[in-house]
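In what follows, a single structure is set out as structure tokens and then discussed.
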2 protein chains.
Amino acid sequence: MGRNRTFDEDDVVAQSAAIFLRQGYEGTSIDDLLAATGLHRGSLYKAFASKRGLFLATLRRTSADAATGRDDAAVDLLLVALLELAPRDPEVRALCGGALAHLTHAEAAALVGQRLLTRAHLSDQ
Amino acid sequence: MGRNRTFDEDDVVAQSAAIFLRQGYEGTSIDDLLAATGLHRGSLYKAFASKRGLFLATLRRTSADAATGRDDAAVDLLLVALLELAPRDPEVRALCGGALAHLTHAEAAALVGQRLLTRAHLSDQ
DNA sequence: ATCGTTCTTGACTGATCGGTCATCTATCTG
DNA sequence: CAGATAGATGACCGATCAGTCAAGAACGAT
């Protein structure tokens with residue numbers, strides 16, 4: 001019953017993740033996300049409720065891959081979450097913690113630290 | 001000649017650093033900085049030219065201490081610079097690189113990674 | 001065909017953003 | 001004292017922010 005969605009939610013989440021991991025959370029505007037996804041304002045808010053809601057969806061989608069060490073994009077999104085949201089947002093913090101749960105503290109620190117330097121163009125590794 | 005300054009520039013830089021390292025760069029508004037420093041808008045722009053100019057001043061002031069491992073605040077500001085500015089701002093990138101210059105890549109990664117996790121309340125170390 | 005429901009579309013809102021600038025005040029020089 | 005200079009103050013600017021909502025369109029059920 002009711003009209004069908006004209007977009008694929010997985011695609012929208014993937015396209016949004018690409019923007020968030022590059023520009024950061026505060027550095028990304030709703031208009032940036034609308035441009036990247038092709039969605040209209042009302043549709044985005046209907047599907048994800050808020051900017052934070054969409055970010056949480058991207059984080060849930062990628063957090064499982066972050067600790068494998070083979071998905072730079074997933075780690076980049078985790079960096080954004082750790083620095084900008086996690087200190088003040090328990091739900092984001094819990095997702096970040098889950099993503100790194102089966103690593104030791106030292107392994108987790110090395111993973112995110114190395115990726116932070118590479119993302120800043122201070123290391124090519 | 002001319003009127004004397006009524007504020008201490010070092011104090012203003014220190015107070016601004018405290019805001020930036022907690023809230024991030026994009027998460028900090030000029031009004032936040034005015035409230036924290038007691039400055040008026042015109043004075044801040046006269047002394048530091050822009051939000052970025054003030055951030056650069058805070059980064060220059062603290063970057064020397066970041067690599068000692070004894071100044072969490074300095075590392076936190078470095079984290080903000082690395083994640084939010086360094087990828088797009090060569091001057092910030094150079095300051096970050098200088099701050100970590102006498103560390104190995106692995107040491108630098110461990111330092112910033114460990115601090116990122118602690119700041120996110122995912123590690124008490 | 002009509003009704004209820006869901007999604008689409010984009011105009012609109014009040015708030016906030018970084019930054020500018022005219023005016024005023026304090027201080028120096030002569 | 002008058003004039004020049006530099007800082008102080010805060011009103012103001014256009015742009016952009018996240019979020020809302022009324023109207024219309026597509027669907028299933030009856």
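Letters go in sequence order (proteins before strands), and every chain restarts at 1.
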Base, sugar-phosphate alone, or nothing: which one does A/K46 contact when heavy atoms must sit under 4.0 Å apart? base
Looking at D/dG19, C/dC28, D/dG10, which one has an atom nearest to any side-chain atom of A/S50? D/dG19
Between A/E26 and A/S43, which is nearer to the 5' end of DNA chain D once each is assigned its nearest nucleotide? A/E26
Name the nucleic acid region contacted by B/R5, choosing base, sugar-phosphate or nothing; use a 4.0 angstrom heavy-atom cut-off, strictly under. sugar-phosphate
Between C/dG19, C/dT8, C/dT5, spot the one nearest the side chain of A/T6, thanks. C/dT8
Rounding to a whole Å, what distance do you find between B/F48:CZ and C/dG19:C1'? 16 Å
Does either side chain, that of B/T68 or that of B/D71, offer a donor lying less than 3.5 Å from an acceptor on the other one? no
Could one point to a donor on the side chain of B/R41 or the base of C/dG18 with an acceptor on the other under 3.5 Å away? yes
Report yes if some heavy atom in the side chain of B/L82 is under 4.5 Å from a heavy atom in the side chain of A/L83; otherwise report no. no
Students often get this wrong, so: under 4.0 angstrom with heavy atoms, is A/F7 touching a base, only sugar-phosphate, or nothing? sugar-phosphate
Let me know the distance between CG of B/D32 and C1' of C/dG18, rounded to the nearest Å. 12 Å
With heavy atoms under 4.0 Å as the rule, sort B/S29 into base, sugar-phosphate or nothing. sugar-phosphate
The nucleotide from C/dC7, C/dA26, D/dG28 with an atom nearest the side chain of A/R3 is C/dC7
Tell me: OH of A/Y45 to C1' of D/dC21, nearest whole Å? 13 Å
Between A/Y25 and A/F20, how do the two ring planes meet: parallel, tilted or perpendicular, split at 30° and 60°? parallel
Closest to side chain of B/D31, choosing from C/dT5, D/dG7, C/dC17: C/dC17
Starting at atom NZ of B/K51, determine the distance to atom C1' of C/dT20, rounded to an integer number of angstrom. 17 Å
